[in-house]
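Heads up, the thing below is written out as structure tokens.
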Amino acid sequence: MGQSEKSTARKGAAFFSGFVAGGALGAVVLYLIAAPSGKEVIHRLQQDSVLLKGKSAEIIETAKQRSIDLTHKISAVKKDSVEEKEQMIPIPKDY
């Protein structure tokens, strides 16, 4: 291996290690700048929980109302079915 080849290999290794170190340093700086404070996160979570609580109450009320509606429909169908059976004329099976 010649002197120029060793020099080129060292330059490539130096470039790669500098690239990795720069990327890691950039990621740390970006995290420190972009990350919200703990108070901001807690405040945001509180707001979101209030919104979700309101939505869940609406969903539960809708589910209750649909359940009541279905119960009434089933009761009406059963009542109609009983009335139909009472109105039918029995036909003897041995004719």
Side-chain angles (χ1 to χ4, degrees):
M1 209 179 207
Q3 199 62 303
S4 65
E5 290 177 7
K6 287 182 183 179
S7 156
T8 305
R10 286 183 189 157
K11 287 180 183 178
F15 174 78
F16 182 72
S17 62
F19 183 76
V20 170
L25 183 63
V28 169
V29 169
L30 183 64
Y31 175 75
L32 292 175
I33 291 173
S37 69
K39 289 180 182 179
E40 290 177 18
V41 171
I42 290 172
H43 182 68
R44 205 176 301 161
L45 287 174
Q46 287 173 343
Q47 288 177 338
D48 290 346
S49 68
V50 170
L51 289 173
L52 289 175
K53 184 178 179 183
K55 288 181 182 180
S56 66
E58 292 174 13
I59 291 172
I60 289 171
E61 189 60 36
T62 302
K64 284 181 183 178
Q65 189 59 42
R66 287 185 180 179
S67 173
I68 291 169
D69 292 343
L70 286 174
T71 304
H72 291 308
K73 286 180 182 179
I74 290 171
S75 297
V77 168
K78 283 184 179 179
K79 187 177 180 182
D80 290 344
S81 177
V82 169
E83 288 176 2
E84 285 178 4
K85 287 182 181 178
E86 290 175 354
Q87 292 177 358
M88 293 180 77
I89 301 171
I91 300 175
K93 291 186 179 182
D94 56 337
Y95 43 86

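The figures here come from the full heavy-atom set of this structure, side chains too, leaving out hydrogens, waters and symmetry mates.
Remark: Arg44 CZ to Asp48 CG distance equals 8.0 Å, nearest 0.5 Å. Taking CG from Leu70 and CD from Gln65, the interatomic distance works out to 10.5 Å, rounded to the nearest 0.5 Å. The CD1 atom of Ile60 sits 11.0 Å away from the CD atom of Glu58 when rounded to the nearest 0.5 Å.
Of the possible polar contacts, none joining the Ser67 side chain to the Ala63 backbone as a donor-acceptor pair under 3.5 Å is found.
Linking ILVMFWY residues whenever their side-chain heavy atoms come closer than 4.5 Å, directly or via other members, places Val28 and Tyr31 in the same cluster.
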